[in-house]
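Each remark here refers to the structure printed beneath this line.
Each ligand, and each atom within it, is numbered from 1 in the order the structure gives. In this chain, residues are counted from 1 in sequence order.
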Amino acid sequence: MNFLHDLADIFYPTTCPGCGKVVDRDIVWCEDCLKKVWNPRLLNSSHTDHLHGCYTLCNYEGAVRKIIIQLKYGGRIDRKRAFPPLLTRFPYWDRLEDLSLVMPVPLSKKKWESRGYNQVDMMFEDWMKGAGKNYVPRGLIRFRSAETQSLLSRRERYENIKGIFHINHGMEVRGKHILLVDDVYTTGATMESAAHELVRAGAAVVTGLTIASGAM
Ligand SMILES: [Zn+2]
């Protein structure tokens with residue numbers, strides 16, 4: 001196995017998503033590029049009516065912003081390799097020890113069909129499964145997308161996205177601690193709306209985790 005990996009490294013070296021420098025296959029990022037974006041934190045004001053706060057790993061800028069956009073809109077599935085090393089470094093896993101399910105914020109059916117995948121699964125699924133966590137890709141269903149959010153105020157965003165998520169048929173969340181994962185946290189309206197539905201269905205606690213955020 002190691003021999004094959006060594007060969008792969010010679011022919012297909014792993015390069016840093018920020019600067020293109022050849023890096024260790026397991027770390028993916030060069031220290032300089034990671035240092036520029038790495039800022040793990042519990043986001044201010046992210047504890048909303050139904051969301052028990054949201055953590056993020058990076059600032060939404062530089063290399064991390066670039067690769068999220070490439071994976072989301074550019075079909076660059078190979079970019080998924082950049083995310084597990086970030087999750088491994090997350091310093092607050094001890095605060096989430098009691099979680100029983102991990103669920104991505106879903107795409108609408110239309111968006112899923114045109115993109116072919118949910119980029120959030122690409123970022124989190126392999127790592128979560130490797131860490132022994134129960135990752136449920138289709139725990140929630142989304143009735144429509146809300147791509148026009150950027151022109152709305154925070155209040156309007158909450159209104160715009162209210163009620164667009166629904167728990168999937170047969171999904172049992174009662175009494176469970178759920179980690180809701182997404183690519184980017186902006187105002188928290190999406191997270192709050194998805195958490196609202198999970199709490200309505202009986203979830204005990206819903207905590208958020210995103211790859212990046214421009215919020216404090
Ligand atoms: Zn770099």
Side-chain angles (χ1 to χ4, degrees), residues 1-44 46 53-96 102 104-105 107 111 115-133 135 137 147 149-150 179-188 190-191 207-216:
M1 196 62 184
N2 280 334
F3 171 71
L4 287 178
H5 275 156
D6 290 347
L7 266 185
D9 277 348
I10 292 166
F11 291 105
Y12 305 102
T14 301
T15 53
C16 170
C19 63
K21 212 189 288 175
V22 173
V23 287
D24 187 294
R25 177 179 10 91
D26 298 319
I27 301 169
V28 182
W29 294 80
C30 82
E31 276 304 317
D32 288 343
C33 289
L34 186 56
K35 213 160 56 188
K36 284 180 196 157
V37 294
W38 185 243
N39 186 13
R41 62 203 186 275
L42 177 63
L43 291 158
N44 288 338
S46 61
C54 183
Y55 291 89
T56 198
L57 303 173
C58 300
N59 294 330
Y60 188 48
E61 58 190 32
V64 84
R65 183 170 180 274
K66 185 177 84 180
I67 59 169
I68 288 172
I69 290 170
Q70 288 174 337
L71 177 57
K72 204 164 167 176
Y73 303 111
R76 291 284 304 275
I77 293 177
D78 60 300
R79 285 308 200 191
K80 69 188 275 189
R81 296 165 76 187
F83 300 96
L86 302 178
L87 290 164
T88 299
R89 277 187 182 227
F90 180 58
Y92 305 121
W93 282 118
D94 58 329
R95 301 187 196 172
L96 300 169
V102 182
V105 168
L107 300 178
K111 190 134 286 173
R115 192 169 297 165
Y117 56 90
N118 181 353
Q119 72 279 357
V120 185
D121 293 336
M122 297 291 162
M123 295 168 183
F124 289 93
E125 188 167 11
D126 288 349
W127 189 90
M128 289 293 176
K129 286 180 172 166
K133 307 201 186 294
Y135 188 90
E147 292 298 311
Q149 291 267 84
S150 53
L179 184 68
L180 196 56
V181 296
D182 204 358
D183 47 12
V184 180
Y185 178 102
T186 308
T187 61
T190 305
M191 279 272 176
T207 308
L209 173 64
T210 69
I211 298 294
S213 179
M216 297 294 285

Output all residues satisfying ring pair (Phe, Tyr, Trp, His ring centres under 6.0 Å) with Tyr92, sequence neighbours left out; order by chain, then residue number.
-> Tyr55, Phe90
Within the side chain of Lys66, is there an N or O that forms a donor-acceptor pair under 3.5 Å with the backbone of Pro17?
-> yes
Yes or no on side chain to side chain contact (heavy atoms under 4.5 Å, CB included) for Trp127 and Leu86, after CA distance, side-chain angles and deciding distance?
-> CA-CA 10 Å; Trp127 189 90; Leu86 302 178; over 6 Å; no
Say whether Tyr135 and Asp126, considering side chains only, have a donor N or O and an acceptor N or O under 3.5 Å apart.
-> no
Contacts of the Zn ion (ligand 1) with protein N/O/S atoms, counting only those under 2.8 Å = Cys16 SG, Cys19 SG, Cys30 SG, Cys33 SG
Got a sec, which residues hit side chain to side chain donor-acceptor pair (under 3.5 Å) with Glu61, two or more places apart in sequence or on another chain?
-> none
Tell me, please, which residues at least two apart from Asp32 pass salt bridge (charged side-chain N to carboxylate O under 4.0 Å, His left out).
-> none
